[in-house]
Amino acid sequence: MTADTPDEPEKSLFEAPPMGEQERMVEAILFASAEPVSVAEMASRMPQGCDPAEALQHLRRRYEGRGVRLQRVGDKWAFRTAPDLGFLLQKESVETRKLSRAAIETLAIIAYHQPVTRAEIEEIRGVSVSRGTIDLLMELDWIRLGRRRMTPGRPVTFVVTERFLDHFGLESARDLPGLKELRAAGLLDSRPPPGKSGDEDEEEEEGNDGQPDMFGEDGAQGAEDEWNES
Amino acid sequence: MTADTPDEPEKSLFEAPPMGEQERMVEAILFASAEPVSVAEMASRMPQGCDPAEALQHLRRRYEGRGVRLQRVGDKWAFRTAPDLGFLLQKESVETRKLSRAAIETLAIIAYHQPVTRAEIEEIRGVSVSRGTIDLLMELDWIRLGRRRMTPGRPVTFVVTERFLDHFGLESARDLPGLKELRAAGLLDSRPPPGKSGDEDEEEEEGNDGQPDMFGEDGAQGAEDEWNES
Amino acid sequence: MSDRESTEDGGNVASIEARLRAEALIVDVDGFEGPLDLLLTLSRTQKVDLRRISVLQLAEQYLAFVERARSLRIELAADYLVMAAWLAFLKSRLLLPPDPTDEGPTGEELAAHLAFQLERLQAMREAAARLMARDQLGRDFFPRGLPETVSHRRRVTYTATLVDLMRAYARIRTRDEFRPYAFDRDAVYTMEEALERMRGLLGFSPDWTDLASYLPKGWQADPARRRSATAATFAASLELAKQGLIEIEQPETFAPIRIRTRRKDDR
């Protein structure tokens, strides 16, 4: 029984499937297995006489330069994504949102009054500052904690960051224009710029305290929007 | 892989990668997923300008006759092992619940007649459909609710899912075995009982009116469209 | 068993077989999925294509079955009895010459539909069998066993411009003393202005008054200014109506719009 006769034409009961078939088998086993598979394990699953080690070599060559490749993990084998294509397994979505009115006002107060405590921000805005607003501004790295105020309770203060200056194109917070300049620049126009109306909800959430004039700019703008929608 | 044409014009920042690269990308994405992936999903993960649909055609050809193959499932794609190698993979097989005859028949009726109402299923089987049968098929994610029928009572309809197609290796509901013959024999027609004129089950009667094609090609197409929408 | 039967008196063999078959059916009655299933099973004894089946013969078989079940005091579900009644009716239709004054479907039409139902049920059963005979995922072919997870990162970026910032600050700091006014747009009459004006005048308009009479002085002559003032006044009146302060009416299309103060007791 000299079994090694590759050029043997007639099939015997114990003849192994052709190497191409063995390659297919190894491919299917490795594909479907939930973990890397050893050569011994493959051999135990494949018909007798198969040589999974050799089939693996063929298969490995076949996948060279492909989107996936055959990789050795210890003494086992597995398909893995080609390293240069790892980015395909990351899905990233970027969503751009306008900063809420509460956030921009809080940020403005911090920028103009820094270092400023939370209580001071609330006093200026006339409404309480939600934890989320501060967190968001911190997360954006536009504000950070400053020194504690040397007053009873030693409250923390907030200051703007380098990144804030960078984002708003300022050399220092002192470059922010004063009220007079704002008015002169026409920035005290009563009309909120188009598209600002979405902020209304936010504001209502925090209460309308400090806005006794229901028919001020915001109320009117809100009402106008409702008409536009219908 | 011979994508590198020497006369390739100068590369711009937004130029899509060569088709060979795109094929690799599609290969990697599909290998990484156990679930079928839609072309849109692939496109969203690949660099701009890629054409995953074309890359898929190349890839499908590449895997012809291999141990795994590229299978279309509705409007999605997945790699699946070649069915003739199933014997190697018994170890991976998951014990599926044995379906009752009622469940199997109900499933077949939904697949061949979709979208189909419960009353129509009962009319075909001649017995009421138990709640448990529908629940089981829903749980397996083989059927789902389709559009409501625009008839009195607006009954819900059932259609088969992408997972159903995937499970039975069907590219689309139109590839159901024997569908054409059944249609040609008129066995998928909705044929109201003679003389039924509103004195009996009004809903069912009206349901069939004016929707002669509900069970025809259009019906199947309609169901597919719903898949595409999602 | 068949050996024993064949040794018996030949005349009895058929009846014994028939009886056995009938008993088998009766024992099995719970195994049938309703009357249609039973009819389909009975139809197999005719050994013909379902399209050429004799519905009359089938009806008789079914009725005989129900009769025997009854004689054996086997309780049949209601739908079996309903089907029996219907088949009895169908049988009479098929046997009697058609009554020309009778409306409704003929016996042949009813029989054809029954045959269609049986054929359709049979077809669905075969389709179901073919479906289940297909290669199945997780049994004959397999998904990727080692999927790699796709990490999903959602990044939200917030935008704000310096102008937004300054405007926000200006808004806070001037909330008290600041009064809106329109600069460099002297042909625009704002809704706030209209609201302001109308609220001042409201107490004096208990009767229907043309909206146009609310236009401020100096805004009536120039068309551009009148347009703006009209629009603002109209918008303001809608707002006031919404607040329940006034009522609006327009007797007919394009007629002048009129408003009046809503009486206190109406509110």
Side-chain angles (χ1 to χ4, degrees), chain A residues 28 30-36 78-81 88-101 103-105 107-109 111-112 124-126 136 140 167-170 176-177 179 182-183 185-193 196 210-211 213 215-217 219-220 223-224 226-227, chain C residues 137-138 141-185 188 190-199 231-232 234-236 238-243 245:
Chain A
L30 288 175
F31 175 87
S33 173
E35 43 201 52
F79 278 118
R80 293 282 193 224
T81 308
L88 292 170
L89 301 183
Q90 283 167 12
K91 208 156 120 182
E92 190 172 289
S93 51
V94 179
E95 201 179 303
T96 306
R97 278 189 218 155
K98 236 172 151 47
L99 210 57
S100 74
R101 178 162 160 176
I104 190 94
E105 287 187 4
L107 180 64
I109 291 167
Y112 276 89
I124 296 170
R125 277 199 75 214
L136 174 66
L140 288 168
H167 181 94
F168 291 95
L170 297 164
L176 282 166
L179 275 192
L182 291 177
R183 187 170 280 142
L187 287 164
L188 296 194
D189 186 342
S190 62
R191 305 171 161 274
K196 287 292 280 187
Q211 290 197 304
D213 188 1
F215 291 103
E217 43 169 321
E224 238 169 66
E226 278 179 37
W227 291 328
Chain C
L137 183 68
F141 62 97
F142 295 84
R144 180 79 170 109
L146 195 55
E148 289 169 67
T149 49
V150 175
S151 61
H152 192 128
R153 277 200 304 161
R154 162 173 292 176
R155 228 182 54 218
V156 180
T157 63
Y158 287 89
T159 60
T161 64
L162 186 59
V163 172
D164 293 334
L165 187 76
M166 294 188 296
R167 212 172 248 142
Y169 188 63
R171 195 163 54 216
I172 302 161
R173 297 308 290 178
T174 60
R175 195 174 280 149
D176 299 327
E177 86 263 19
F178 182 67
R179 282 291 170 271
Y181 65 97
F183 35 139
D184 77 342
R185 304 173 74 181
V188 174
T190 66
M191 198 180 105
E192 301 89 83
E193 288 172 290
L195 268 171
E196 195 77 10
R197 181 178 163 77
M198 287 183 78
R199 283 198 299 163
F234 176 62
L238 289 180
E239 173 64 18
L240 290 171
K242 200 174 123 198
Q243 310 265 326
L245 295 171

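Quick note on labels: first sequence line is chain A, next is B, and so on, each numbered from 1.
- With sequence neighbours left out, A:F79 forms a ring pair (Phe, Tyr, Trp, His ring centres under 6.0 Å) with A:Y63, B:F31.
- Of all heavy-atom pairs between C:R144 and A:L30, the closest is NH1-O, 3.4 Å.
- Only the side chain of A:A78 comes within contact range of chain C, with heavy atoms under 4.5 Å apart.
- How far CG of A:L89 is from CD of C:E148: 5.5 Å, rounded to the nearest 0.5 Å.
- Qualifying side chain to side chain contact (heavy atoms under 4.5 Å, CB included) partners for C:A168, counting only residues two or more places apart in sequence or in other chains: A:I104, A:E105, A:A108, C:R171.
- Both the backbone and the side chain of A:L107 come within contact range of chain C, each with at least one heavy atom under 4.5 Å from a heavy atom of that chain.
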